[in-house]
Amino acid sequence: MSVATGGSEAAAAAGGGGGNRVFFQSPRGGGGSGGSSGSSSREDSVSAAAAVVQVQQRRHQQGKVTVKYDRKELRKRLRLVLEEWIVEQLGQLYGCEEEEMPDVEIDIDDLLDAANEEERALKLQETLVDCYKPTEEFIKELLTRIRGMRKLSPPQKKSI
């Protein structure tokens, strides 16, 4: 029977022996009792350093992934997804296809210019005044989706 406490190295070493063995590993940072704490603390510091290097490598790899994408491009893509969602929801509210839909214009930048949530909700209610279905859930969800968004800057004209 083998009993190992405090680490996978001790457990691996315990599996190979034949007799009753009990392994005690000193806590991280040394200070443990026993005559072999010197070699154990060296192993601990080596494994701790290896763990730090692995964490740094993971962070570095994650940084590379996020650098690939331009923030402006991500905002444009999020805006496009939101606009498609709005068109789909308006189709459900008005009970028709996009081509048959009455002239309803929801300007996201105009909503983002509003001073607060109540003003945004009021603008949306005014826009959807001729909708015969309840619009409260749509307005609530749209306000939730635009929370935290920023206005898209107008395209820059290149001088010739």
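It should be emphasised that the depicted structure is a prediction, and the values quoted were computed from it without experimental measurement. Computed over heavy atoms, backbone and side chain alike; hydrogens, waters and symmetry mates excluded.
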Return the CD1 to CD distance between I86 and E83, rounded to the nearest 0.5 Å. 7.0 Å
Would you tabulate the side-chain donor-acceptor contacts of residues 75-82 under 3.5 Å, counting partners in other chains and residues two or more places apart, or write 'none'?
{"unit_1": "R79", "atom_1": "NH1", "unit_2": "D109", "atom_2": "OD1", "d": "3.2"}
{"unit_1": "R79", "atom_1": "NH2", "unit_2": "D109", "atom_2": "OD1", "d": "3.2"}
{"unit_1": "R79", "atom_1": "NH2", "unit_2": "R150", "atom_2": "O", "d": "3.1"}

Show me the pairs that pass ring pair (Phe, Tyr, Trp, His ring centres under 6.0 Å) and involve residues 114-135, at least two apart or across chains. none
Roughly how far, to the nearest 0.5 Å, is the SG atom of C96 from the CG atom of L90? 9.0 Å
CG-NZ distance between D110 and K123, expressed to the nearest 0.5 angstrom: 3.5 Å
Give me each pair satisfying salt bridge (Lys or Arg N to Asp or Glu O under 4.0 Å) with a member in residues 127-138, each pair once, sequence neighbours excluded. none
Within the structure provided, determine whether L111 and L142 are in side-chain contact (heavy-atom separation under 4.5 Å). yes
Return the set of residues passing side chain to side chain donor-acceptor pair (under 3.5 Å) with E119 (not counting sequence neighbours), or none when no residue passes. none
So, using side chain to side chain contact (heavy atoms under 4.5 Å, CB included) as the criterion, who are the partners of E118 when residues are at least two apart? N116
Within residues 79-120 or reaching into it, pairs that qualify as ring pair (Phe, Tyr, Trp, His ring centres under 6.0 Å) - sequence neighbours excluded: W85-F138
Checking T127 now: which residues fulfil side chain to side chain contact (heavy atoms under 4.5 Å, CB included) with it, not counting sequence neighbours? V104, I106
Output all residues satisfying side chain to side chain contact (heavy atoms under 4.5 Å, CB included) with E117, sequence neighbours left out; order by chain, then residue number. R120, L143, R147
